[in-house]
Amino acid sequence: PGIVLAVRAVPLVELPASDALRLGWEQFAARHGGWTVTVDQRSGLPTLAFGAGIPWLDGSEAEPLAALEAKARAFLAENRILLGEWAEQLVLDAAASGRASDTLWVVTFRQAANGVPVDDARFDFQVVQGKLVAFGVERWGTVRTRTEPRLDAAAASEQLFAYLEATPEQVVMHGS
């Protein structure tokens with residue numbers, strides 16, 4: 001808890017011309033009308049990708065946020081070679097997503113590995129006038145830590161009370 005891994009954001013032009021990641025993003029940019037991409041050197045994921053836009057909404061959607069969530073999930077699946085396979089770890093953050101202004105929609109996903117939320121990990125998409133114009137990750141990456149609890153609830157409570165040198169009657173539990 002509280003540990004923050006440093007991100008080294010690297011513009012694609014700093015990667016060797018033969019680098020597979022650079023070549024992949026250059027192909028993406030060529031397909032979609034030119035994009036500027038900065039990647040996290042540690043994960044290879046985009047900290048920020050922005051461009052002229054890829055059509056996502058046409059204004060006929062009854063539920064724009066639901067349509068944008070579906071578009072974002074499809075976009076990630078279509079670009080999994082560059083962006084990775086995260087379908088099982090994407091959790092829509094409804095509180096952080098939605099219409100930010102008359103022309104801007106934001107779609108934010110949080111990462112959850114096997115249902116366990118990853119602190120501050122987010123994947124953001126920005127859509128302006130119906131077009132995806134920017135996306136990127138923050139603290140998103142492959143989870144290599146066990147997500148299964150080592151103790152069941154009873155054993156964890158027992159260890160907690162022993163550590164506190166208290167009995168269950170002396171402790172007020174909230175949120176359980």
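Atom set for the values below is all heavy atoms of this structure, side chains included, hydrogens, waters and symmetry mates excluded. If you're wondering where the values come from, they're calculated on a predicted model, not measured in any experiment.
- A 4.5 Å side-chain heavy-atom check between Q126 and L104 finds at least one atom pair inside the cut-off.
- Residue pairs meeting the salt bridge (charged side-chain N to carboxylate O under 4.0 Å, His left out) criterion with at least one partner in residues 152-168, sequence neighbours excluded, do not occur; the list is empty.
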Given side chain to side chain contact (heavy atoms under 4.5 Å, CB included), test W25 with W35 step by step and report yes or no.
CA-CA 8 Å; W25 279 111; W35 280 67; over 6 Å; no
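- In this structure, the side-chain contact (heavy atoms from CB on, under 4.5 Å) partners of L15, at least two apart in sequence or on a different chain, are V10, L12, D19, L21, R22, V39.
- Among residues at least two apart or in separate chains, salt bridge (charged side-chain N to carboxylate O under 4.0 Å, His left out) pairs with a member in residues 123-135 are R122-D124.
- Across every non-hydrogen atom of V37 and A49, the tightest pair is CG2-CB, 4.0 Å.
- For the residue pair P11 and T38, the shortest heavy atom distance occurs at N-CG2, 4.0 Å.
- More than 12 heavy atoms of other residues, nucleotides or ligands shown are found within 6.0 angstrom of CZ on R31.
- A donor-acceptor pair under 3.5 Å is absent between the side-chain atoms of N79 and the main chain of L82, judged by distance alone.
- Listed here is the closest heavy atom pair of L23 and S18: CD1-O, 3.6 Å.
- Under the 4.5 Å side-chain criterion, counting only non-hydrogen atoms from C-beta, T108 is in contact with R110.
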Set out, in order, the CA-CA distance, both residues' side-chain angles and the distance that settles side chain to side chain contact (heavy atoms under 4.5 Å, CB included) for Q170 and T167, then state yes or no.
CA-CA 5 Å; Q170 296 171 306; T167 64; 3.3 Å; yes
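- Enclosure of atom CG in L160 by more than 12 non-hydrogen atoms of other residues, nucleotides or ligands within 6.0 angstrom is indicated.
- Here the CD atom belonging to Q89 is positioned 12.0 Å from the CG atom belonging to L76, to the nearest 0.5 angstrom.
- At least one side-chain heavy atom of P46 sits less than 4.5 Å from a side-chain heavy atom of L83.
- Taking the six-membered ring where the residue is Trp, F125 and F123 present parallel rings, their angle staying beneath 30° rather than reaching 60°.
- Minimum interatomic distance between P168 and F161 (heavy atoms only, all atoms of both residues): CG-CE1, 3.6 Å.
- A side chain to side chain contact (heavy atoms under 4.5 Å, CB included) with V127 is found for exactly one of V133, L68, T103, V106, namely L68.
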Given the rule in the ring-ring contact (aromatic ring centres under 6.0 Å, His included) test, do W86 and F109 qualify, once you have shown the distances and angles that lead to the verdict?
CA-CA 11 Å; W86 306 106; F109 292 101; over 10 Å; no
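- Side-chain contact check for P64 versus W105: some heavy-atom pair is nearer than 4.5 Å.
- In this structure, the separation between CZ on R139 and CG on L45 is 15.0 Å, given to the nearest 0.5 Å.
- Under the 3.5 Å distance criterion, the side-chain polar atoms of R80 are matched with a main-chain donor or acceptor of A77.
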For side chain to side chain contact (heavy atoms under 4.5 Å, CB included), just list the numbers for L90 and Q111, CA-CA rounded to whole Å, side-chain angles, deciding distance to a tenth of an Å, and then say yes or no.
CA-CA 5 Å; L90 295 169; Q111 185 179 20; over 6 Å; no
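- Placement of V118 and V137 in two distinct hydrophobic clusters is found when ILVMFWY residues are connected by side-chain heavy-atom separations under 4.5 Å, directly or transitively.
- Residue A72 comes nearest to V107 through the heavy atom pair CB-CG1, 4.5 Å, listed as atom of the first residue, atom of the second, then distance.
- Once rounded to the nearest 0.5 Å, the distance linking CG of L65 with OG of S97 reads 5.5 Å.
- Taking the six-membered ring where the residue is Trp, F28 and F135 present perpendicular rings, their angle passing 60° and hence far from 30°.
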